[in-house]
Structure formats: C-alpha cells, structure tokens
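Note sheet for the following structure.
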Amino acid sequence: MPVGANLMILTAGAEWRCWPGPTAAALTPASCATLPQTGFGCSHVPPIQADNALLFCQERGSRVRELRFDMLQDQYQASDLSVLSSHLLGDTTHAHAIEEWALCEEPFRIVWAVRSDGTLLGLTWMREHEVQAWHRHDTGSGGSDGDGAVESVASIVEAEPADEDGGAPSPPADSLYLIVRRAVNGTIRRYLERLAPRRFATPDRAWFLDCALAYAGPSTATLTGLDHLEGKAVTVLADGVPAGPFTVTGGAVTLAAPCTRAIAGLPYRAELETLDLDLPTASGTAQGRLKKITRLTVRVKDSRGLQAGPGAAALRRIGDGAEAAFTGDWSMMMPGDWTRGGRLLLRQDQPLPCTVLAVIPEVEIGG
C-alpha cells in the first residue's frame, strides 16, 4: 500500500517500509531499501488507506491498528484503535474477527466492518479531531443463525436523486451497500440492502427501519409488495406516525387508518448508555460513592420519541410529544434511587429520527 513517498508491505508477521533510500529519487530494483517497522502482522482483510495512514486488522488477535509515521521515532508506529472497545471484538466467552470492511468518507467518515458472526460494526474515525468511536448495529436478530447476519459490505459513491416533489438532488456521498442473510418464512435468503441517508425533507420520510420499502400514492390502508418479509413482524411509519407491529401475510399488511406515504420494515432499537460517573469532590474521586441523578437535560437535533432513565426498567418519554422534529434541550426530572454507578440509558425504539448531541445530568453525591 502506498503511503506518502513509501510503499508499505504488510505481511502476516510484520509491517515493512520500502522506499528508494536517501540518495535515489525513485523506487527501482537497484534503489530499494526495506526496513521492518512493527511486528504485529496483518490479516487477510485488505487495509484501508485514509489521509496519510493505513488502517489494518491485526493477524494475531482481534484488533484494528492505525499505521502512521512517527517523526520522533523516525519510523512507522501501529497504534491500537480498538483498545477501548475490545468487547466488540472479543471477551471471555467469544473471540470475533473482522472479515470485511469498507470506508464511507462522506458524510460521517465511518469504517463499516463485518464481524465473523454476522454483526455489523462501525468505527467513526476522524484523526484530526482525535475521534475514534465504535458502535454495533444489529438487524433482525443480529446473530449467526441466518436471521439478520451481514455477510459483505461495499462503499459506493453516488448522489441521492431528486424526489417526486421536485426537490433538488443531494450532492455525491458514500452509500453503504450490504449483503444480509435473513431467515424469511422458514427459508434462508440473501438480500442486497442499502443504508438510507440520515436526511429527510419531512417527518413522514424519515427512514429508520431495516429491510424496508416505501409507498407514496393514493390514500390506502393496505400496503402490498412486502413478500420479502413474509411472516415477519414489521413496523410502519404511516404519514409520519409509527404504527404496528403487523405480521406480513401474503406480502401485505393492513393499517388501522389509510395513509398516502408509508415506510414498512423491520424495527430496531437504538440505545446509548453512559459510563459510571466520576466527578471531582473535596475528598477526591466520586467513584464508588452513592450518587443520584435528580434532573437530566438532553441536547438533541431533529429528534422525536426519545426515552431516558437510570435503567431499562425506569424509562420515561422525554420531550413534548409533538410530531415535528425538535432541535434543542429536553429536560426531565429523574426517577430512581441512589446508585454507585450513576449510569443513564437513552433509548429510541420507534422509527423516528434521533440525534443526541449532549447528555447533561444534575447529580447529588452521597456517602
């Protein structure tokens, strides 16, 4: 892989630097210097070149490393990008590996990776801002039993076409295409699916369902063409209002009320859980001490239907319940008892948009 003026050679045992040497201007058979840089080894997954660095999967162990030149060491160093999220690649019960990946530069700069059990992982990587954040994405049951197992990914540059209302097309961006293995009506099928963009002109076009199809036309209460989800429980966003679940029978579902625009597909649940709170106190750290979150403020952008609470058993809807997407601060009084962790859980289980910008708790510290 070319990196700057060097050719990086990644083998199963080490990473090598190949360059013309200090006196030559070009790499030729007569002017070719090689030096080992790091000894981690690269797996069979082709590395990803971004900026002036290489991302590669380590041969020995489930790790993702960034190969980048270090001026102080005068050689390339391979830092571990997965050290803070190692539970996504291996723990005491399972050991997983990345089988395939693809980089979507625009609009969010995410490396999408296929785990060996069919789970889709994402790595938001912005080196200039020191951002490296891992996230897990489940579809269907999200397991290796054939129901919702991702087998392959690819990044394709394309522009969003103009909609039927005459809106302007979106500028080119990187679209993620996936091959997903699903168990549908007792049969294993493979679908070519595309990750929908997080842009929508109106709330009824918010696409937050998996393996979904859209309808726009005369008012109807029966949605057809869902043969690919026969026997599945689907959720429908009908004119911007969540409805369901409905079981697909004969490739169709019947709504309680007619609509002119609908998106029908498999529902999923998005969750954000904070880590244990650590606040400075007069006696030192607050780790291990009792804490109680009395009030919570969540800063959101274009969001609806968010729930928040100290845990899954005490979630409450946050916001005013309006059908229009909201941008700003939502505040709520927090239920719950004193705990030593002080964690918070935010959940979106409806096919509605939700972007969390900040989580701001008000905390009382006990003994």
Side-chain angles (χ1 to χ4, degrees), residues 1-12 15 17 37-38 40-59 61-69 76-86 88-90 96-139 142 149-160 170-180 191-199 207 210 270 355:
M1 299 287 291
V3 181
N6 302 291
L7 185 66
M8 302 305 301
I9 304 172
L10 292 89
T11 73
E15 292 69 55
R17 174 190 179 193
Q37 301 296 293
T38 57
F40 298 107
C42 178
S43 75
H44 69 281
V45 180
I48 290 177
Q49 185 176 17
D51 297 336
N52 57 347
L54 285 181
L55 303 184
F56 70 93
C57 300
Q58 185 175 320
E59 170 70 13
S62 300
R63 298 180 186 274
V64 173
R65 294 190 175 272
E66 176 194 20
L67 190 65
R68 186 180 176 88
F69 190 76
Y76 283 83
Q77 300 291 325
S79 57
D80 188 355
L81 296 183
S82 52
V83 63
L84 296 181
S85 301
S86 57
L88 295 179
L89 293 172
H96 303 293
I98 291 177
E99 299 291 343
E100 188 176 308
W101 58 6
L103 171 63
C104 290
E105 287 272 7
E106 291 293 335
F108 302 115
R109 198 177 179 85
I110 299 177
V111 177
W112 296 99
V114 178
R115 207 169 67 176
S116 53
D117 65 342
T119 298
L120 181 67
L121 301 179
L123 168 61
T124 303
W125 180 68
M126 302 178 182
R127 196 184 193 286
E128 64 271 27
H129 301 296
E130 298 183 353
V131 172
Q132 51 193 57
W134 288 86
H135 28 99
R136 189 188 76 235
H137 300 261
D138 297 327
T139 175
V150 178
E151 295 186 336
S152 183
V153 291
S155 176
I156 306 295
V157 179
E158 60 184 9
E160 285 293 310
S170 299
D174 295 309
S175 297
L176 182 71
Y177 283 82
L178 311 92
I179 294 178
V180 185
Y191 294 147
L192 178 62
E193 304 182 21
R194 177 179 179 270
L195 192 66
R198 291 181 58 87
R199 294 186 295 269
W207 200 302
D210 282 340
T355 300

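- Applying the side chain to side chain contact (heavy atoms under 4.5 Å, CB included) rule to Pro197 yields the partners Glu160, Arg194, Arg199; only residues at least two apart in sequence or on another chain are considered.
- Here the shortest heavy-atom pairing between Glu105 and Asp174 reads N-OD2, 2.7 Å.
- Applying side chain to side chain contact (heavy atoms under 4.5 Å, CB included) to Val114 and the options Val150, Val45, Leu121 leaves one that passes, Val150.
- Between atom OG of residue Ser43 and atom CZ of residue Arg65 there is a gap of 12.5 Å, rounded to the nearest 0.5 Å.
- Residues passing the ring-ring contact (aromatic ring centres under 6.0 Å, His included) test with Phe69 are Tyr76, sequence neighbours excluded.
- Note that CD of Gln37 is 8.0 Å distant from CD of Gln77, once rounded to the nearest 0.5 Å.
- In this structure, Leu54 and Leu10 have side chains that are in contact, with non-hydrogen atoms separated by less than 4.5 Å.
- When every heavy atom of Thr139 is checked against every heavy atom of Val180, the shortest pair comes out as CG2-CG1, 4.2 Å.
- For the pair Gln49/Pro2, a side-chain contact is recorded, criterion being any heavy-atom separation below 4.5 Å from C-beta on.
- Checked against side chain to side chain contact (heavy atoms under 4.5 Å, CB included), Thr38 has the following partners two or more places apart in sequence or in another chain: Glu15, Phe40, Leu67, Ala78.
- Counting all heavy atoms, side chain and backbone alike, Leu176 lies closest to Cys104 at CB-SG, 4.0 Å.
- Between the side chain of Ser155 and the backbone N or O of Leu103, at least one donor-acceptor pair lies under 3.5 Å.
- For Glu151, the salt bridge (Lys or Arg N to Asp or Glu O under 4.0 Å) test picks out Arg181, Arg190, with sequence neighbours left out.
- Ala196 meets the side chain to side chain contact (heavy atoms under 4.5 Å, CB included) test with Trp207; sequence neighbours excluded.
- Residues passing the side chain to side chain donor-acceptor pair (under 3.5 Å) test with Arg63, sequence neighbours excluded: Asp80.
- With sequence neighbours excluded, the residues forming a side chain to side chain contact (heavy atoms under 4.5 Å, CB included) with Glu66 are Ala53, Leu55, Arg68, Ser79, Leu81, Trp125, Arg127, listed by chain and number.
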key: From CA spacing to verdict: side-chain contact (heavy atoms from CB on, under 4.5 Å), Arg109, Val131   = CA-CA 10 Å; Arg109 198 177 179 85; Val131 172; over 6 Å; no
task = Determine, stepwise, if the pair Met8 / Phe56 fulfils side-chain contact (heavy atoms from CB on, under 4.5 Å).
result = CA-CA 12 Å; Met8 302 305 301; Phe56 70 93; over 6 Å; no
query = Can you list the steps and then say if Glu59 with Cys42 is a side-chain contact (heavy atoms from CB on, under 4.5 Å)?
reply = CA-CA 5 Å; Glu59 170 70 13; Cys42 178; 5.7 Å; no
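- Within a 6.0 Å sphere centred on CD of Glu128, heavy atoms belonging to other residues, nucleotides or ligands number more than 12.
- Evaluation of the side chain to side chain donor-acceptor pair (under 3.5 Å) rule for Arg17 yields Asn6 as partners, not counting sequence neighbours.
- Residues Trp101 and Val64 meet the side-chain proximity criterion, which asks for heavy atoms closer than 4.5 Å.
- For Glu193, the side chain to side chain donor-acceptor pair (under 3.5 Å) partners at least two apart in sequence or on another chain are Arg182.
- The ring-ring contact (aromatic ring centres under 6.0 Å, His included) check on His137 picks up Trp112, His135, with sequence neighbours excluded.
- Screening residues 40-49 for salt bridge (charged side-chain N to carboxylate O under 4.0 Å, His left out) gives no qualifying pairs among residues at least two apart or on separate chains.
- Pro172 approaches Val157 most closely through the heavy-atom pair CB-CG1, 4.3 Å.
- Separation of atoms CD1 (Ile98) and OG (Ser62) is listed at 8.0 Å; rounding is to 0.5 Å.
- Of all the heavy atoms in Ser82 and Leu89, the pair that sits closest is CB-CD1, 4.0 Å.
- Scanning for side chain to side chain donor-acceptor pair (under 3.5 Å) contacts around Ser152 gives Glu100, with sequence neighbours left out.
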